[in-house]
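Scope of the values below: all heavy atoms of this structure, side chains included, with no hydrogens, waters or symmetry mates. Below, chain A is the first sequence line, B the second, and so on; all start at residue 1.
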Number of protein chains: 2
Amino acid sequence: MADVHSAQIQGGETLLFLTDEQLRQGIEAMFFAYRGFTADPDLILQEMAYGRAHHRAMHFIQCAPGTTVNNLLAILGVTKQSLNRVLRTLIEDGLVESRVGRLDKRERHLFLTETGQGLEQRLSDVQRTRMRAAYRQAGPEAVAGFRKVLETMMDTEMRRQCKALREGRG
Amino acid sequence: MADVHSAQIQGGETLLFLTDEQLRQGIEAMFFAYRGFTADPDLILQEMAYGRAHHRAMHFIQCAPGTTVNNLLAILGVTKQSLNRVLRTLIEDGLVESRVGRLDKRERHLFLTETGQGLEQRLSDVQRTRMRAAYRQAGPEAVAGFRKVLETMMDTEMRRQCKALREGRG
DNA sequence: TTGGAATGTCAACAAGGCTGACTTAAAGTG
DNA sequence: CACTTTAAGTCAGCCTTGTTGACATTCCAA
């Protein structure tokens with residue numbers, strides 16, 4: 001990327017000279033890329049009258065089986081009423097199982113059933129396929145950079161979220 | 001990024017060995033990063049009873065002043081009814097101006113008023129600030145890679161969109 | 001035993017997508 | 001000129017997914 005200028009300073013510190021135009025392009029790229037990134041799962045979800053909210057819930061349950069509702073709320077950053085509506089349909093439809101906690105019986109531990117795992121697999125398959133294609137086209141160095149910037153943005157977001165959690169709990 | 005393995009093949013062709021886990025991390029990173037990326041403008045928009053839809057419209061009008069409604073529809077990928085609802089309030093509130101086309105009087109050309117430019121500036125400022133911070137933290141090489149992967153994903157999306165346009169028009 | 005935390009539920013509402021039907025005006029075409 | 005197509009706007013109604021607020025239940029812990 002020739003239009004990202006950088007200057008190496010004495011001690012390894014790096015200054016980036018980024019014009020507003022370059023940043024604007026990055027912003028637009030995020031918009032279009034995110035849209036492409038959700039397009040494939042959206043098609044599958046539409047078939048079965050589910051939405052992105054269902055996908056997100058299943059994704060994070062798959063990723064952390066046995067997680068509690070509160071945990072999921074914190075990760076997803078929505079209200080419990082919003083999440084509950086989604087979880088209820090998933091449980092009714094037999095995609096998610098909610099087990100009462102052994103240690104703390106108020107808590108519900110969430111798991112994907114076999115059916116749920118099947119759908120989650122289908123959804124993440126198409127998403128991974130698309131991401132793999134983009135990775136392959138861009139090359140390994142670009143992928144490393146992509147992940148680094150995204151993880152930096154993600155960390156910032158996670159920190160903001162944790163801060164919000166702490167403030168919320170007093 | 002040590003966990004992205006690559007193997008250089010004879011003619012400069014590169015194979016990426018990406019595990020499902022690595023791709024999953026990329027997917028999650030997109031989710032969290034996108035959320036972080038929209039968080040700041042959302043706060044400002046909330047103050048004035050606007051939403052992301054208004055932001056997107058203003059962004060692309062600012063980026064291509066004089067664009068037509070149909071153009072904007074194609075870029076945003078929403079229905080004209082959806083866009084119209086947003087445009088109507090922006091025009092009523094004096095942020096967007098709609099001028100009848102000189103060449104083709106059916107068309108309306110869209111511009112941001114001074115007030116509109118002011119708000120758009122405020123919104124993109126906070127977004128650029130966040131992006132600049134992430135860029136700076138990740139370093140110039142990472143930024144180049146980030147943009148390359150995103151542009152690849154974006155191109156894919158834009159091609160899909162153009163294809164849809166062509167098919168839609170017969 | 002009482003306070004607070006975790007969960008779930010009901011109701012109402014808003015933003016922002018969608019479809020379908022329809023109008024108006026302008027442009028293109030036979 | 002008559003007809004069709006196109007650009008834009010509008011109305012009505014629907015869906016998903018977010019929000020608040022109020023409230024019940026259950027259970028842990030002081």
Within residues 42-63 of chain A or reaching into it, pairs that qualify as salt bridge (Lys or Arg N to Asp or Glu O under 4.0 Å) - sequence neighbours excluded:
A:D42-A:R52, A:E47-A:R122
Taking A:R128 first and then A:D40, would you say they form a salt bridge - that is, a charged N and a carboxylate O separated by under 4.0 Å?
no
Check this one for me: any side-chain N or O of A:N70 less than 4.0 Å away from OP1 or OP2 of C:dT7?
yes
Not counting sequence neighbours, which residues clear side-chain contact (heavy atoms from CB on, under 4.5 Å) with A:S82? List them please.
A:V78, A:T79, A:R85
Between atom CG in A:L87 and atom P in D:dT16, what is the gap in whole Å?
16 Å
Could you encode protein contacts along nucleotides 14-27 of chain C as a string, one character per nucleotide from 5' to 3', using B for base contact, S for sugar-phosphate-only contact and - for no contact, with a heavy-atom cut-off of under 4.0 Å?
--BBBBBB----BS
Listed partners of A:Y34 passing ring-ring contact (aromatic ring centres under 6.0 Å, His included), at least two apart
A:F37, B:Y34
Interatomic distance where CG belongs to B:L43 and C1' belongs to D:dT19 [whole Å]:
15 Å
A:E21: what forms a salt bridge (Lys or Arg N to Asp or Glu O under 4.0 Å) with it, not counting sequence neighbours?
A:R24
Atom CD1 of B:I91 and atom C1' of D:dA8 are separated, to the nearest Å, by 11 Å
Which residues share a ring-ring contact (aromatic ring centres under 6.0 Å, His included) with B:F60, sequence neighbours left out:
A:F31, A:F32
Below 4.0 angstrom from OP1 or OP2 of C:dT7, is there any side-chain N or O of A:N84?
no
